[in-house]
Amino acid sequence: MADTMQFDLVSPERRLASVQAREVRIPGADGDLTAMPDHAALITTLRPGILTVVSAEGTSDYAVTGGFAEISATGASVLAERAMPKGEVTAADMDALITDAIAEAGEAPAEGKDAANKLVADLQALKSALGF
């Protein structure tokens, strides 16, 4: 069994991480999961949350707002809608995301209300997890 796997975190703005990781804790839409070397192949959607990468350099946390994770035995790639190192996120950033999500929820058709309201709740939980 390998000790590490290749991990890449990319957002539309930039590549945030490309490291050999021991584990990656991912906020999956269907529940949190930890990717490690030799993991079964899987693709999952993300919910807003904290993504944690453990590597030889230490532990790094990133706030993600959604996207996809592709995991294999040799690596994991996360394509995030938005992602920022935890230390760069401000309360104003989170307030803006929550305000936008509330506005979108208000305009969502009836069949999309539950998903829109869940996004608002997930973003509020992320803001709390970030200590704001």
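Source: prediction; values computed, not measured.
- From H39, atom NE2 reaches atom OG1 of T74 across 12.5 Å, with rounding to the nearest 0.5 Å.
- In this structure, Y62 and I50 have side chains that are not in contact, with every pair of non-hydrogen atoms separated by 4.5 Å or more.
- Q6 and D8 form a side-chain donor-acceptor contact under 3.5 Å, judged by distance and modelled atom types alone.
- L123 contributes atom CG, which lies 6.0 Å from atom CG of L97 (distance to the nearest 0.5 angstrom).
- When hydrophobic clusters are built by joining Ile, Leu, Val, Met, Phe, Trp and Tyr residues whose side-chain heavy atoms come closer than 4.5 Å, directly or via intermediates, V10 is not grouped with M5.
- Proximity of T34 to V24: side-chain heavy atoms (C-beta onward) are nowhere separated by under 4.5 Å.
- Here CD of E104 is found 7.5 Å from CG of L119. Values are rounded to the nearest 0.5 Å.
- A salt bridge is defined here as a Lys NZ or Arg NE, NH1 or NH2 lying under 4.0 Å from an Asp or Glu carboxylate O, and D93 with R82 fails to meet this definition.
- With a 4.5 Å cut-off on side-chain heavy atoms, P37 and D3 do not count as touching.
- In terms of heavy-atom proximity, P85 sits nearest to R14 at CD-NH2, 3.3 Å.
- Between V89 and F132, the closest side-chain pair of non-hydrogen atoms falls below 4.5 Å.
- For L126 against P48, the heavy-atom pair with the smallest separation is CD2-CB, 4.2 Å.
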Candidate pair V54 and R22, rule side-chain contact (heavy atoms from CB on, under 4.5 Å), full reasoning: CA-CA 6 Å; V54 179; R22 288 197 290 271; 3.9 Å; yes
Check against side-chain contact (heavy atoms from CB on, under 4.5 Å), T90 and D95: CA-CA 9 Å; T90 66; D95 289 341; over 6 Å; no
Criterion side-chain contact (heavy atoms from CB on, under 4.5 Å) on L16 and S11, from CA distance to verdict: CA-CA 7 Å; L16 286 103; S11 74; 3.7 Å; yes
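- T65 has its side chain out of reach of L46: every pair of non-hydrogen atoms, C-beta onward, lies at least 4.5 Å apart.
- Between I26 and A35, the shortest heavy-atom distance links the atoms CD1-CB, 4.3 Å.
- The shortest distance between side-chain heavy atoms of V53 and L9 does not fall below 4.5 Å.
- When each of D30, D122, D32 is tested with R47 by the rule salt bridge (Lys or Arg N to Asp or Glu O under 4.0 Å), just one qualifies, namely D32.
- Taken from CZ in F7 to OG in S55, the straight-line distance is 10.0 Å, to the nearest 0.5 Å.
- Checked for salt-bridge contact, E88 and K86 miss the test: no charged N lies under 4.0 Å from a carboxylate O.
- At least one side-chain heavy atom of L51 sits less than 4.5 Å from a side-chain heavy atom of P27.
- Hydrophobic clustering (side-chain heavy atoms under 4.5 Å, transitive across Ile, Leu, Val, Met, Phe, Trp, Tyr) keeps L42 apart from L79.
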